[in-house]
Amino acid sequence: MNSLHEAFGQAAALVASGDATLIEIVLLSLRVSLTAVLVAALIGLPIGAAIAVGRFPGRRTLIVVLNALMGLPPVVVGLLVYLLLSRAGPLGALGILFTPTAMVIAQTVLILPIIAALSRQAIEDAWSEYQEQLRSLGAGRLSAAFTLLWDTRFSLLTAVLAGFGRAAAEVGAVMIVGGNIDGVTRVMTTAIALETSKGDLPLALGLGVILISLVLILNAAAYLTKEAAQRRYG
Amino acid sequence: MRAPSSILPLVLESVSFVAGGRAIVDAISCEIGAGSRTVIVGPNGAGKSVLMRLCHGLLRPTSGRVVWRGVGTAAIGRRQAMVFQRPVMLRRSAIANLEYALALQDVARADRTRLAREAIERVGLGHLAGRSARVLSGGEQQRLAIARAWALRPEVLFLDEPTASLDPTATREIETAIAAIHACGTKIVMTTHNLGQARRLADEIFFLNQGRLAEHAPAERFFTAPATAEAAAFIKGELPWT
Amino acid sequence: MDMIRRTLVVAAIGGAALAAAPVFAQDKFITVASTTSTENSGLFKAILPVFEKQTGIQVRVVALGTGQALDLARRGDADVLFVHNKRAEEKFVAEGYGIDRNDVMYNDFVLVGPKSDPAKVGGGKDILVALKTIEAAKAPFASRGDKSGTHSAELRYWKAAGVDPTAGKGSWYRETGSGMGATLNTASGMSAYVLTDRGTWLSFKNRGDLTVLVEGDPRLFNQYGIMLVNPAKHPHVKKDMGQVFIDWVLSPAGQKQIASYKIGGQQLFFPNAKQ
């Protein structure tokens, strides 16, 4: 297809030009999504560990709900966060709608269930292997949870990467709460949506190629790190 | 070093453990005293491992009681350790696995390094201390598991089929380590399906069959003159076991 | 415990990373709710830097359909509204959500469609006749269907033509429920007729088989208005900076900037502020 060919040409030309606007958009994308991943991991990993190791009423329901929330539509998340942060909403006084902070919040909400659910699974698998040994050594559930978080770190990296992939790729939530404001909240995905609506499909696709390449590079780096570490630690 | 007040003897009062409607351990009463090496033998599915977990406290009896009758009954969990058939090592260095166990017992940081180093040298793994525990061979991991238990200086050490998945060389090394731990004054309670191993290590034998304690005798007498027909059949290899 | 310490370290790094992010914020700015036509046509990109350089006020444009933009402003999420649906804007002001609406500029709508022109409306000067003909031919027609200014205008034309296009829903009348660009993409893909503002059309690149068929009808006149969101309703509205922006847009300097924005030599918007 001609326009596919054109898209890769556009992507190469964009990267080669070192266009300042493009760099700004790429950096904002990374900053928003990485911050969201960081926050979601700090909250989601302990939640995953707690559910994996804990025994409490409603645990199974919680697991089902968490698994279902992995499929949250970004637009719904965007709308919910918008209504929260809107001036007319409960958190309107913060005045952070249409800022990168709002985008971080929306993406955090979006990927928190992914990180929590995937880490819950990984930690629970490890827990069934480690449980007797750790209890025998005198570890309580809390300290077992921390031990498992560290011991399953390579699997958890995959959970975190899944969250990052979702955050970097979604457009619905950041479009609504960020507003796609030029130079302020325009990220890769909203820029792609904008160029599409302007009918500049090659440019949109070119931006898409760059986005995918970035996610690919990050994943490859993480994978290699993980592999090297796994060879060392078993 | 013997703790000033022992937690032994361990007394089982009509202990049963039911799972899936089946009595895996069926009304066992006995007393496990200090000093000797107690070896639990019996055919496959006799309930050896479950009995061991009931003693160690990993399982709660469905009925009956497991009681430590000794004087020093505070912090019983810290006075006993267990080695499992398949050792579970954390993703960190061999020595760090030992230090982790010591940390869980609130051993001061400065002492941890020293105790861990001592224990790992004792099982002859000092040269592998910095290696990641999970990349060690099965035999090395099991020796490390024994070192981990040893570092805790338990009064009682439970071992559940510690050599079941090991080759003869590794088995010999484990047996040497067990003997050394016993020589330091630790009470040994272990299960095995290896009758040769039972002959080599046991002072007294608990013979389990179908969840019941069929015979309890000094090792010598058990092997030369078993009191029950079941035990005699077992020694002759006529009962199925693995 | 080691693990807890490690976790705390990670948390601290995370906290620091978040705290180090105030670069995000810049306080001298206003938020303008506007339409996709003004944003997508590139007008704002051309004129805003001039204003920002003069005043130091950053203008953050959230581009939506006029209906959505009005909703946004009604909730107090914008300081200034810059849209093109005069009736809705007047209602907005009458309800007390906005103050002092002013005409800014106009452009016009054009009816575009496939070059093959199955309904044979090309070259006509009467939008109402064209729409009646399309309906009669049951030729595919793509509608925004999103309560935007363009959508409202389109519905007004259908009504004036005495045609109820919603009867053709699911067959020849197709509502995309999306922005102008997306609707043009759709129309291009299925060779449908579509009503668009000229600005978006001129800057639109994926035209495919589409071409302008009907233009020049005075009814196709498309008026843009600007107003401040009422600070009495929403006290946080940056009324001073917002007013500076409005005054500039309506001033001869601002109007000159609008007039000078061209694509391929063609002027997109015609300033008509009453000063």
Side-chain angles (χ1 to χ4, degrees), chain A residues 41 45-46 48-50 52-57 115 118-161 222-234, chain B residues 49-50 52-60 75-94 96-107 128 130-138 140-142 144-146 148-152 154 156-160:
Chain A
L45 295 178
V53 172
R55 288 289 171 272
F56 49 89
I115 293 182
L118 293 181
S119 63
R120 195 276 306 165
Q121 187 64 57
I123 293 170
E124 197 167 302
D125 290 347
W127 178 230
S128 66
E129 184 193 344
Y130 289 26
Q131 184 170 17
E132 283 199 321
Q133 183 69 66
L134 292 183
R135 282 179 56 208
S136 169
L137 291 174
R141 284 187 190 274
L142 181 65
S143 93
F146 278 105
T147 301
L148 289 166
L149 273 174
W150 180 245
D151 227 62
T152 54
R153 54 197 181 273
F154 306 130
S155 317
L156 297 185
L157 184 64
T158 308
V160 170
L161 280 177
Y223 183 81
L224 291 176
T225 315
K226 175 182 157 165
E227 216 187 25
Q230 225 158 9
R231 241 191 330 260
R232 181 161 140 63
Y233 289 104
Chain B
S49 291
V50 170
M52 178 117 344
R53 282 166 173 74
L54 287 164
C55 291
H56 186 43
L58 288 176
L59 293 176
R60 277 175 199 283
I76 280 166
R78 301 191 171 181
R79 308 276 296 269
Q80 45 165 332
M82 181 153 170
V83 172
F84 296 86
Q85 181 176 339
R86 275 187 46 244
V88 175
M89 288 297 151
L90 301 177
R91 279 190 181 83
R92 54 186 83 187
S93 72
N97 265 279
L98 272 55
E99 288 165 353
Y100 171 82
L102 289 161
L104 280 179
Q105 309 258 329
D106 293 331
V107 174
L128 297 177
R131 286 277 286 281
S132 180
R134 287 213 161 211
V135 300
L136 300 180
S137 73
E140 287 164 344
Q141 287 200 35
Q142 192 60 295
L144 192 60
I146 287 181
R148 177 168 61 189
W150 199 347
L152 302 175
V156 183
L157 176 61
F158 295 100
L159 302 105
D160 185 20

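Letters A, B, ... mirror the listed sequences (proteins, then strands); counts begin at 1.
Interface residue B/Leu152: only side-chain heavy atoms are found under 4.5 Å from chain A. Interface residue B/Arg53: only side-chain heavy atoms are found under 4.5 Å from chain A.
Distance check: A/Thr147 OG1 to B/Tyr100 OH gives 2.5 Å after rounding to the nearest 0.5 Å. Distance check, rounded to the nearest 0.5 Å: OG of B/Ser132 to CZ of A/Arg231 gives 13.0 Å.
Between A/Tyr233 and B/Val135, the shortest heavy-atom contact is C-CG1, 4.1 Å. The two residues B/Met89 and A/Asp151 have their closest heavy-atom pair at O-OD2, 4.3 Å. Of all the heavy atoms in B/Arg92 and A/Trp150, the pair that sits closest is NH2-CD1, 3.6 Å.
Using modelled atom types, one side-chain atom of A/Arg153 and one backbone atom of B/Arg91 make a donor-acceptor pair closer than 3.5 Å.
Residues from residues 124-136 of chain A that place a non-hydrogen atom less than 4.5 Å from a non-hydrogen atom of chain B comprise A/Glu129, A/Tyr130, A/Glu132, A/Gln133, A/Leu134, A/Arg135, A/Ser136, given in numerical order.
For A/Arg141, the CZ atom sits in a packed shell: over 12 heavy atoms of surrounding residues, nucleotides or ligands are nearer than 6.0 Å.
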